[in-house]
Amino acid sequence: MKYKDYYETLGLPRDADEAAIKKAYRKLAREFHPDVSKVAGAEAKFKEVGEAYATLKDPEKRAAYDQLGQHNPSEDFSPPPQWQHQYAEGMQGFEDLDLADILDALGRGGMRGGTRGARRADMPAHGRDYEAAARISLEDAHRGAVMHLDLQQEGGPRTLEVKVPAGVRDGQRLRLKGQGGKGRNGGPDGDIYLHIEIAPHPVFRLDGHDLSFDLALAPWEAALGAEVQVPTIEDPVLLTVPPGTQSGRKLRLRGRGLSNGRGGRGDLYAIARIDVPAALTERERELFGQLASESTFDPRTVARQEK
Amino acid sequence: MQAPETIDAEDLCLACRITVTELQEIVAYGAPAPIREEPVLVFTVDWLMPLRQAARLRDQYDLDLFAVSLLAEHLRRIDTLEAELRALRAQLRR
């Protein structure tokens, strides 16, 4: 069996107290946490540190480990003969075992009375959870969709068909219960956590289940009111623009937003934006000129009065 | 198919790999707050991911259950703020 120097892994003297062990572990776990560290081999180091801590934080395991004395890291050594009796009765030997497995077994009351690793193998085990990301269209978020996810599992790659329910929100993490790795010995199957991202839409902007879009209006449509055809996530509909519509006004089409997955729908907002012709015909120039000379409307005055 | 809005204690514990006794202690520290307590504790489903993440950090950093409760509350707040940020960014995307 290969020796591992857990004290050295945590950078501690052999007489370190519990508080020092915890402090050293937390510092190293923070440094090498795979979510944080960009250092090559950080994940392996994180596991090493975790393994060392699992033994040294437990007084019983630590005492057993200390019994082994100090060896050079990776040096072959033989555990004391009483370990065979205490922790692994009925086993052929320790040669092929990892030190961490034996100490782990010690924490669970030893391996006595069975074949190697039997206790661990017989225990119900929860199936593995998987996390995946999926980018879906606005239309799929509205109607629901069936997707195919490629997962890397223990037994090799696996393609999984998952149903994304109607009404998912951007940024939502869906739990697909029981669709992860298979549980063992009666343990429950794992889950898949699917991080949903809704792709930007060329027309609609999304806020929860509400949608909005910019509605371009001619000045006379905004002033006089109009019936205009507007897009929705399904078919276009007619929208009544009231007379005197200001730029930026939100016109609501109730229940024309995205499905919320509970039988309801969000709203659709048309946000008025008044456009003027970039180039005027002679006649248009004449009409605008006539309007300018006859109208008493001064938008700056209105703006000042509104303050 | 609809995304569920609530999750009961047993299911939450299963997903977060904690025991019901541990969950009860975490709840006693203030978060997650159940929306129903009888006959079983029931939570809104938006507690699932923050609590799962907090429970994982507990294993990785050997945190106590009080820290798990605090973390879950802050992680949920981050989730809420991120959702608001996404919505505001979408409004700006013109």
Side-chain angles (χ1 to χ4, degrees), chain A residues 21-22 25-27 29-30 32-35 46 49-50 53-54 57 126 129 131 144-146 162-178 187-191 193 195-198 200-201 204-208 210-214 259-263 269 271 273, chain B residues 1-20 22 32 42-64 66-68 71-72 75-94:
Chain A
I21 292 170
K22 183 174 260 196
Y25 166 69
R26 283 182 170 169
K27 184 170 174 287
R30 189 97 182 87
F32 293 108
H33 194 288
D35 291 350
F46 181 73
V49 166
Y53 182 58
K57 75 171 179 181
H126 201 297
D129 289 342
E131 300 207 6
V146 175
V162 294
K163 285 183 183 147
V164 177
V168 289
R169 294 183 305 274
D170 190 30
Q172 189 175 354
R173 279 163 293 184
L174 280 179
R175 177 185 177 213
L176 305 169
K177 194 176 168 186
D189 293 342
D191 304 325
Y193 291 86
H195 192 147
I196 298 290
E197 187 192 347
I198 299 179
H201 192 276
F204 299 115
R205 296 184 295 276
L206 187 59
D207 180 7
D210 292 339
L211 296 173
S212 63
F213 69 98
D214 291 331
S259 161
N260 64 12
R262 299 188 301 278
Y269 292 93
I271 300 173
R273 196 192 70 219
Chain B
M1 183 183 174
Q2 293 179 0
E5 294 294 305
T6 59
I7 185 166
D8 66 26
E10 192 186 348
D11 205 6
L12 187 62
C13 289
L14 198 64
C16 299
R17 311 285 203 267
I18 57 176
T19 65
V20 172
E22 286 171 334
V42 175
F43 304 85
T44 55
V45 79
D46 58 355
W47 278 111
L48 169 60
M49 296 310 294
L51 186 61
R52 186 169 174 266
Q53 201 178 342
R56 199 161 51 186
L57 289 169
R58 172 202 181 198
D59 291 342
Q60 291 170 340
Y61 291 116
D62 196 19
L63 305 177
D64 61 27
F66 177 68
V68 171
L71 268 175
L75 289 168
R76 184 176 183 245
R77 202 165 157 214
I78 290 170
D79 278 354
T80 307
L81 292 172
E82 281 184 342
E84 282 177 19
L85 186 63
R86 266 194 303 276
L88 290 171
R89 280 194 176 138
Q91 298 307 308
L92 291 172
R93 205 185 297 143
R94 292 188 183 193

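Naming convention: chains lettered A, B, ... in sequence-line order (proteins, then strands); numbering from 1 in each chain.
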Output, in order, the C-alpha distance, side-chain angles, deciding distance and verdict of side chain to side chain contact (heavy atoms under 4.5 Å, CB included) for A/Arg175 and B/Val45. CA-CA 10 Å; A/Arg175 177 185 177 213; B/Val45 79; over 6 Å; no

Would you mind checking which part of [X] comes under 4.5 Å of any heavy atom in chain A, side chain (CB onward), backbone (N, CA, C, O), both or neither?
X       : value
B/Asp59 : backbone
B/Ile7  : side chain
B/Leu48 : side chain

Mark yes when over 12 heavy atoms from residues, nucleotides or ligands other than B/Arg17 sit less than 6.0 Å from its CZ; otherwise mark no.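 Yes, CZ of B/Arg17 has more than 12 neighbouring heavy atoms, counting only those of other groups under 6.0 Å.
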
Taking B/Arg56 first and then A/Asp129, would you say they form a salt bridge - that is, a charged N and a carboxylate O separated by under 4.0 Å?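 So B/Arg56 does not pair with A/Asp129 through a salt bridge.
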
Roughly how far, to the nearest 0.5 Å, is the [atom2] atom of [Y] from the [atom1] atom of [X]?
X        : Y        : atom1 : atom2 : result
A/Leu174 : B/Met49  : CG    : CE    : 10.0 Å
B/Asp79  : A/Arg173 : CG    : CZ    : 4.5 Å
B/Arg89  : A/Asp207 : CZ    : CG    : 14.5 Å

Interface residue of largest heavy-atom contact number with chain B, from A/Arg169, A/His126, A/Arg26, under 4.5 Å: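 Of A/Arg169, A/His126, A/Arg26, A/His126 has the most heavy-atom pairs under 4.5 Å with chain B.
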
Winner by heavy-atom pair count (cut-off under 4.5 Å) against chain B, out of A/Phe213, A/Tyr53, A/Tyr193: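 Among the listed options, the one with the most contacts to chain B is A/Tyr193.
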
With a 4.5 angstrom heavy-atom cut-off, which part of A/Glu131 approaches chain B: side chain, backbone, both or neither?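 Just its side chain gets close to chain B.
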
